[in-house]
Amino acid sequence: MKNIFKIKLFLLFLFLGTSIAIASELDVVRSDWKGHTRYDFKFNDRQTTIVLPHKAAEGKPWIWRPAFFGAFSWVDEALLEKGYHIAYYDVTHLYGSPRAVKLGTEFYNAMCEHFQLSDKVTLEGFSRGGYFTFNWAAANPDKVACIYVDAPVCDITSWPGRKRTNLWNDFLKEWDVKDEDVTTNFRGNALQLIDKLIEAKIPIIGVCGNSDKTVPYEDNFKKVAENYQQKGGIVETIIKPGIDHHPHSLENPEAIIDFIVRYQKGYTDKQHINFRHNLTNSFHKFIKEKKGCVAFLGGSITEMMGWRQQVQEDLHQRFPHTEFTFIDAGIGSTGSVPHSFRMTQDVFEKGTPDLMFVEAAVNDFTNTPDHVQQLRGMEGIIRHARMANPYMDIVMLHFTCDGFIGYFNKGIIPDVIMNHERVANYYSVTSVNLAQEISERMDSGDFNWKTFGGTHPSWFGHKFYTASINRVFDNSTLPINEYKPSIYVLPQNPIDKNSYFPGQFLDIKSAKKLKGFKIVENWQPENPQGKTRKGFCNVPMLVGLNEGCSFELNFTGRTIGYFGVCGPDAGIISYSIDGEKYKEINTYTQWSKQLYIPWLYILADNLSEGKHTLKVKMKKGKGSACHIRNFTVLGKDNIYGKVNLMRNQENKSYYFEDYKK
């Protein structure tokens with residue numbers, strides 16, 4: 001049973017922590033709503049409801065419903081838990097009229113002045129409430145953080161339409177217009193209002209059933225969203241297949257909540273993005289051709305459930321009618337050096353990306369402390385990618401790990417990030433320093449390392465990665481006529497002439513004179529204590545298990561190495577190139593005790609062009625085993641066909657005129 005009592009309105013404002021009292025004789029009813037305190041009262045003779053969070057979030061964000069309080073309230077309930085105030089001011093039957101807008105503005109002013117809520121409100125318009133939302137936002141664009149509409153009425157001739165005679169006449173009376181004027185001089189439909197919202201950069205998310213018979217998606221939000229996007233507005237659409245007008249919203253409103261949260265006032269203050277180039281090439285293709293290929297190249301943070309899936313879903317929401325091919329190329333424990341050699345197999349054999357995300361800072365920090373190899377690996381990735389597709393948009397991501405925290409606490413950016421940034425700057429690649437963002441958010445008390453999830457973030461932690469990536473998307477949103485695909489300038493010379501481009505795998509069957517080594521077609525770990533990463537079990541592997549095992553390999557190029565796994569039995573590899581003195585590498589890593597960890601060893605990367613011979617023999621270390629998945633070499637610079645380097649007289653740089661002939 002509800003615990004309800006009446007208090008004066010001015011006492012309500014005092015209770016909510018403001019020193020301003022409103023002299024009023026209106027009664028207020030307090031009750032419980034979903035475990036939170038609810039207040040109901042009349043404001044300007046219209047029903048008003050305020051629901052308080054247990055603890056207000058910083059800045060006192062709030063969401064405002066103009067119609068149907070409590071219906072399908074999953075979003076409101078989730079935002080309450082995040083510290084948002086929930087407000088309802090009933091203008092349901094006013095059809096977004098000028099009178100409704102005026103009343104709404106007076107209500108907004110009261111909420112900001114007396115409740116001290118944020119001056120940027122999130123608008124939530126269900127069905128006919130969406131019509132008010134667009135009209136109020138267009139009249140008050142400076143007061144809106146973002147808009148969430150759900151099966152919204154966008155065109156009054158679609159709903160109520162002339163067939164609903166009573167409602168249509170109510171609309172005409174409320175707006176004080178004649179029937180014949182609606183199709184000629186009327187300016188209240190959403191399509192006629194969106195220019196003001198775009199100018200104010202107001203993001204919109206819409207949730208719609210594509211089988212809505214009451215407020216048809218095709219006649220309402222679809223038209224608005226397509227025009228909004230074509231004019232350069234930020235808009236996302238979640239389509240519910242086969243769903244009619246009801247039910248509204250989503251029982252799991254996570255995607256809506258994430259959208260709302262990232263557009264609140266001050267949220268971007270801690271994001272660190274180097275905008276070097278917009279994603280105009282890929283966005284043009286997504287919009288114009290309705291097709292797109294997106295690659296995700298990285299280590300375990302990319303391979304795991306998290307930002308990758310979230311970003312893929314966001315792309316579907318931004319381009320709901322685009323057919324995407326996603327290339328999931330995350331492999332645990334791999335950094336820039338393995339990435340640079342496995343791109344052909346793991347990325348380009350599956351498609352040619354229009355947009356590629358690449359991350360390697362964490363594994364380069366832990367696995368490849370050599371700053372020269374960090375640069376050569378990352379440059380190998382970027383240069384190789386642009387050789388494959390000179391129109392490819394690339395985003396470089398710097399994730400965080402335990403080892404980075406101390407650096408940022410001292411105001412130092414880790415060297416590995418600076419090395420990767422050098423490559424990003426040279427090749428005009430936008431980069432996102434997520435490690436710095438997470439450090440600053442922890443310092444400000446947004447969360448702690450445990451809540452974030454550590455080096456391998458929780459689903460909650462991944463949301464911060466995704467939000468920053470979405471800001472890159474936002475920055476690339478332009479009017480459709482401004483998307484002019486352009487070739488990326490490719491510098492004639494690399495930063496380091498020994499960078500690993502274009503890295504390739506050489507089949508293990510190329511090894512000759514096997515002594516003790518053999519090719520195991522469906523390899524599984526010999527040591528039961530050793531686990532394996534995904535993709536490194538039940539695959540062909542060149543295996544030598546005993547001291548003295550040997551083989552030879554003839555190869556062409558200036559670099560040679562191998563990509564394999566190093567487990568509990570990993571030994572010392574002794575090798576010689578072209579008859580020179582033997583060198584040794586202990587392949588046992590700090591993770592080998594319980595894991596056959598993927599690892600790429602560069603044996604030589606400054607050889608002369610031409611043919612060479614590698615000789616390998618195994619020596620006893622912790623163990624004496626060697627497991628080789630692929631040999632790694634560098635292909636010719638023009639492996640993608642005839643590539644003409646043409647002088648660009650304007651900027652004195654070079655670019656690829658032709659590719660993949």
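For clarity, every value in this text was computed on a predicted model and none was experimentally measured.
Tested against Cys293, the residues Asn389, Ile327, Thr352 include a single side-chain contact (heavy atoms from CB on, under 4.5 Å) partner, Ile327. Across Glu174, Lys102, Lys173, a single residue satisfies side chain to side chain donor-acceptor pair (under 3.5 Å) together with Ser97, and that is Glu174. Under the side-chain contact (heavy atoms from CB on, under 4.5 Å) rule, Ile50 has a single partner from Phe43, Phe41, Tyr88, which is Phe41. For the side-chain contact (heavy atoms from CB on, under 4.5 Å) test with Pro390, the passing option among Ile487, Val489, Asn281 is Ile487; the others fail.
Between the side chains of Asp244 and Ser211, not a single donor N or O lies within less than 3.5 Å of an accepting N or O. When only modelled atom types and interatomic distance are considered, Glu313 and Thr466 share no side-chain donor-acceptor pair under 3.5 Å. Thr280 and Asn278 share no donor-acceptor pair across their side chains, judged by distance under 3.5 Å alone. Of the N and O atoms on the side chains of Asp219 and Ser158, not one donor lies less than 3.5 Å from an acceptor on the other residue. The closest side-chain donor-acceptor pair between Tyr267 and Asp269, if any, does not fall under 3.5 angstrom. A donor and an acceptor atom, one from each side chain of His248 and Ser127, are nowhere located under 3.5 Å apart. Between the side chains of His398 and Asn433, no donor N or O sits under 3.5 Å from an acceptor N or O.
Residues Tyr89 and Phe69 form no side-chain contact, since every pair of their non-hydrogen atoms from C-beta on lies 4.5 Å or further apart. Asp314 places a side-chain heavy atom less than 4.5 Å from the side chain of Glu236. A 4.5 Å side-chain heavy-atom check between Phe357 and Leu297 finds every atom pair outside the cut-off. Using a 4.5 Å cut-off on side-chain heavy atoms (C-beta onward), Ile204 and Leu197 make contact. Leu172 places none of its side-chain heavy atoms less than 4.5 Å from the side chain of Lys178. For the pair Arg30/Arg38, no side-chain contact is recorded, criterion being any heavy-atom separation below 4.5 Å from C-beta on. Here the side chains of Asp27 and Lys42 are not in contact, with every heavy-atom distance at 4.5 Å or above. Taking 4.5 Å as the limit, some side-chain heavy atom of Leu191 sits within range of a side-chain heavy atom of Asn227.
Two rings, from Phe126 and Phe132, have their centers 6.0 Å or more apart. The six-membered or imidazole ring of Phe171 lies near that of Phe186, with a centre-to-centre distance under 6.0 Å. Centroid-to-centroid, the aromatic rings of Trp307 and Phe464 stay 6.0 Å apart or farther. Between Tyr263 and Phe259, the gap from one ring centroid to the other is short of 6.0 Å. Centroid-to-centroid, the aromatic rings of Phe324 and His316 come within less than 6.0 Å. Tyr488 has its ring centre less than 6.0 Å from the ring centre of His277. For Tyr131 and Trp159, the ring centers sit 6.0 Å or farther from each other.
In the displayed structure, Glu58 atom CD is contacted under 6.0 Å by at most 12 heavy atoms of other residues, nucleotides or ligands. Within a 6.0 Å sphere centred on NZ of Lys82, heavy atoms belonging to other residues, nucleotides or ligands number 12 at most. Counting non-hydrogen atoms of neighbouring residues, nucleotides and ligands closer than 6.0 angstrom, the CG atom of Asp176 reaches no more than 12 such neighbours. Heavy atoms of other residues, nucleotides or ligands lying less than 6.0 angstrom from CD of Gln230 number more than 12.
Between Phe72 and Trp74, the angle of the ring planes lies from 30° to 60°, which puts this pair in the tilted group. Using cut-offs of 30° and 60° for the angle between ring planes, the Phe319 and Phe283 rings count as perpendicular.
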TODO: Apply the test side chain to side chain contact (heavy atoms under 4.5 Å, CB included) to residues Phe286 and Val294: give CA-CA distance (whole Å), side-chain angles for both, the deciding distance (0.1 Å), then the verdict.
DONE: CA-CA 10 Å; Phe286 299 163; Val294 184; 3.9 Å; yes

Task: Arg308/His462 under side-chain hydrogen bond (donor to acceptor under 3.5 Å, both in side chains): CA gap, chis, key distance, verdict - done: CA-CA 9 Å; Arg308 174 172 52 88; His462 276 280; over 6 Å; no

- [ ] For Trp136 and Trp64, run ring pair (Phe, Tyr, Trp, His ring centres under 6.0 Å): C-alpha distance rounded to whole Å, both residues' side-chain angles, the deciding distance at 0.1 Å, then the answer.
- [x] CA-CA 12 Å; Trp136 191 86; Trp64 169 18; 5.0 Å; yes

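Note that CZ of Phe326 is 10.5 Å distant from CD of Gln309, once rounded to the nearest 0.5 Å.
Taking all atoms of both residues into account, the shortest heavy-atom contact from Gly35 to His54 is O-CE1, 3.0 Å.
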